Amino acid sequence: MPELPDVEGFRRVFVSCAKGRVIRQVDVRDAGVLHGVSARRLREALEGRRFTGAERHGKWLLARTGGPTLGLHFGMTGLLVCARPGEEAAPHDRVVFTVGADRQLRYRDQRKLQGLWLAEDESAVERLLAHQGPDALAVDRERFEAALCARRGTIKTVLTNQSVVAGLGNLLADEILWRARVRPSTHSNDLTEADRRRLYTQMRRTLRSAVPTGRVPPRDSWLTGHRDTPSPHCPRCGELLRRSRMGGRTTVWCAKCQ
DNA sequence: CAGATTGTTCTCAT
DNA sequence: TATGAGAACAATCT
């Protein structure tokens with residue numbers, strides 16, 4: 001589920017719930033979500049410190065403490081929720097941070113495909129983000145277009161490749177391609193200058209309107225609002241949408257518009 | 001029961 | 001060397 005807009009929503013949850021508060025307790029309920037750090041070390045590193053803020057890069061969230069940095073990745077089913085300590089934990093609450101006197105930040109994840117990392121210093125943070133391209137909301141037009149020119153794979157797999165541009169997932173890529181009227185099977189280095197320009201413009205526009213919602217909104221005027229309907233039709237021209245697999249993911253597009 | 005799922009990473013083949 | 005297909009990871013849902 002989580003793509004850039006979702007993670008941006010989790011960043012807002014983090015800020016309103018935990019920013020500025022002392023980490024009183026770290027309760028690792030399922031150590032299976034921890035990567036390269038033990039439950040004991042995580043507790044020891046964080047308890048007593050204060051969450052000072054959070055940054056997002058692509059689908060990564062970095063929670064700062066003034067000391068070690070907590071890296072969160074939400075995989076396909078992860079999310080962050082704010083709760084009261086008294087509220088019963090959900091079955092998939094894997095790590096619970098009690099922050100301040102009466103709040104809890106909960107990392108919840110049904111499928112545990114990703115999880116939490118502890119970066120002890122800035123060079124460890126850099127290693128976490130080593131394979132990430134520029135953030136999709138921060139990248140400028142020149143860098144974006146140059147990255148597309150440098151790739152030969154299909155544009156669908158290029159857009160979802162986090163090392164090219166970070167933050168776009170399967171739904172966003174299909175949405176952006178549909179809005180830019182580019183067929184997902186087009187090879188990246190075969191795009192015209194005009195294609196690249198429309199892709200950049202539509203990427204920004206799609207992200208900007210999805211971020212406040214905290215998800216890729218399944219609006220009626222969006223491709224995303226139709227892709228999972230029984231008989232999906234293009235909201236622009238009414239054509240029956242095509243569905244295939246590219247790079248292992250379901251890809252939806254309109255053969256008439258794109 | 002088979003097949004699917006909005007993510008990432010690895011291996012193997014082309 | 002660069003891509004792509006497929007698998008693996010885990011836990012569901014249809």
Side-chain angles (χ1 to χ4, degrees), chain A residues 1-10 29-36 56-62 71-80 89-95 107-117 127-133 135-136 146-179 184-191 203 206-207 209-211 213-219 222-232 241 243-253:
Chain A
M1 175 180 167
E3 306 183 54
L4 186 154
D6 307 78
V7 181
E8 190 59 25
F10 303 150
R29 307 172 61 88
D30 183 341
V33 299
L34 301 185
H35 296 262
R56 182 193 56 73
H57 184 100
K59 301 173 188 173
W60 280 94
L61 191 65
L62 300 175
L72 304 93
H73 197 295
F74 301 92
M76 207 105 90
T77 50
L79 70 160
L80 222 40
H92 301 115
D93 283 342
R94 311 294 186 182
V95 181
Y107 177 83
R108 183 175 299 173
D109 188 14
Q110 176 191 106
R111 283 169 66 183
K112 301 191 284 189
L113 285 174
Q114 299 293 322
L116 307 185
W117 282 252
R127 286 196 295 278
L128 272 188
L129 301 182
H131 301 292
Q132 300 290 301
D135 184 77
L148 297 192
C149 290
R151 293 279 168 165
R152 297 182 304 178
T154 63
I155 186 61
K156 168 62 188 266
T157 59
V158 168
L159 287 180
T160 51
N161 183 337
Q162 303 302 296
S163 69
V164 175
V165 59
L168 308 182
N170 197 39
L171 292 191
L172 275 171
D174 283 359
E175 188 69 44
I176 292 163
L177 287 163
W178 175 76
R179 289 188 181 206
S185 56
T186 313
H187 284 264
S188 192
N189 58 340
D190 285 341
L191 294 167
M203 175 176 75
T206 306
L207 287 172
S209 82
V211 158
T213 320
R215 62 188 293 203
V216 187
R219 289 182 198 140
W222 290 39
L223 179 72
T224 307
H226 295 260
R227 60 182 298 148
D228 292 324
T229 60
S231 167
L241 293 170
R243 178 180 292 266
S244 73
R245 280 184 94 72
M246 299 189 62
R249 329 297 314 180
T250 298
T251 299
V252 175
W253 81 100

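Worth saying up front: this structure is predicted, and the values here are computed from it rather than measured. Each chain gets a letter, A, B and so on, in the order the sequences are listed, and its residues count up from 1.
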Taking only the side-chain nitrogens and oxygens of [X], find out if one of them lies under 4.0 Å from OP1 or OP2 of [N].
| X | N | value |
| --- | --- | --- |
| A:Gln162 | B:dT8 | yes |
| A:Arg111 | C:dC9 | no |
| A:Arg245 | B:dT5 | yes |
| A:His92 | C:dT12 | yes |
| A:His131 | B:dT9 | no |

Euclidean distance, atom [atom1] of residue [X] to atom [atom2] of [N] [Å, nearest integer]:
| X | N | atom1 | atom2 | value |
| --- | --- | --- | --- | --- |
| A:Asp228 | B:dA4 | CG | P | 14 Å |
| A:Met246 | B:dT5 | CE | C1' | 19 Å |
| A:Asn161 | C:dA2 | CG | P | 12 Å |
| A:Leu129 | B:dT9 | CG | P | 11 Å |
| A:Lys59 | B:dT6 | NZ | P | 11 Å |
| A:Leu113 | B:dT6 | CG | P | 12 Å |

NA contact type, A:Gly32, heavy-atom cut-off 4.0 Å: base, sugar-phosphate, or nothing? nothing

Does B:dT6 pair with anything, Watson-Crick or G-U wobble, both distances under 3.5 Å, and if so, with which nucleotide?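 No nucleotide pairs with B:dT6.
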
Atom P, compared across B:dT6 and C:dT3: separation rounded to whole Å: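 Approximately 23 Å lies between the P atom of B:dT6 and that of C:dT3.
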
How far does the P atom of C:dT1 sit from the matching atom of B:dT8, given to the nearest Å? 25 Å

Side chain A:Arg215 and base B:dT6 donor-acceptor under 3.5 Å: no

